[in-house]
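Keep in mind it's a predicted model, so treat the numbers as computed, not measured.
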Amino acid sequence: MRPGRWALGRKGIVDTAQLAAYLAGRDPVTNEALISAQGSSRRAEHLAATSLPLERDCYVLSEVAKLVGVHPSYLRRKVRAWMIEDAPEATPERLRCSEGRAFELSRTLVEELRAHRKPPRVVAGYDVTFSVPKSVSLLWAVADEQTQAAILDVL
């Protein structure tokens, strides 16, 4: 297998350490971050919210979703399941702290959810495909070995 070459502004052969740095989201020369932690799901805000201290005795579902790092609709489904599965006497103290608003979760339950929630795993990946024009591919396909080698050297 032939060694990789840099494209798009860099020159030379790509060594293993440079490729590893690049795939990890770091500049292969300066080691500076190339991508932010934000991403499509705003991971930086999520990670900051999941480490906030809990100061109140109960929280509404939208707050809990942010504090735990899940979507509110997922949390609503979980709460409905708990209300059906839990013993009737346990549900009010864990899921409702006041009569006024339904689906408030106790601080204890929010802490349990945080403890069992795994942070999102971020994996940077790149899928790059380079193709030559069809005419070059056809020429290579019908050529003899010497011509095929010459075409590969040019590419």
Nearest-0.5 Å distance, OG of residue Ser62 to CG of residue Leu75: 9.5 Å
Side chain to side chain donor-acceptor pair (under 3.5 Å) involving Thr147 - partner list, sequence neighbours excluded: Asp144
Atom pair NZ/CG of Lys78 and Leu61 - distance to nearest 0.5 Å: 13.0 Å
For Ser135, side chain to side chain donor-acceptor pair (under 3.5 Å) partners two or more places apart: none
Asp15: salt bridge (Lys or Arg N to Asp or Glu O under 4.0 Å) partners, not counting sequence neighbours: none
Distance in Å, Arg114 CZ paired with Leu54 CG, rounded so as to fall on 0.5 Å steps: 4.5 Å
Exam field: side chain Arg56 to backbone Arg107, donor-acceptor pair closer than 3.5 Å: no
Shortest non-hydrogen contact from Ala21 toward Pro28: CB-CA, 4.1 Å
Residues that Ser73 engages under side chain to side chain donor-acceptor pair (under 3.5 Å), provided they are two or more places apart: His71
Heavy-atom side-chain proximity of Leu138 to Lys134 below 4.5 angstrom: yes
Qualifying residues under side-chain contact (heavy atoms from CB on, under 4.5 Å), relative to Val29, sequence neighbours excluded: Arg10, Asp27
Qualifying residues under side-chain contact (heavy atoms from CB on, under 4.5 Å), relative to Ile13, sequence neighbours excluded: Pro3, Arg5
With Leu19 via side-chain contact (heavy atoms from CB on, under 4.5 Å) - residues at least two apart: Val14, Leu23
Side-chain touch Val60/Leu105, heavy atoms, less than 4.5 angstrom: no
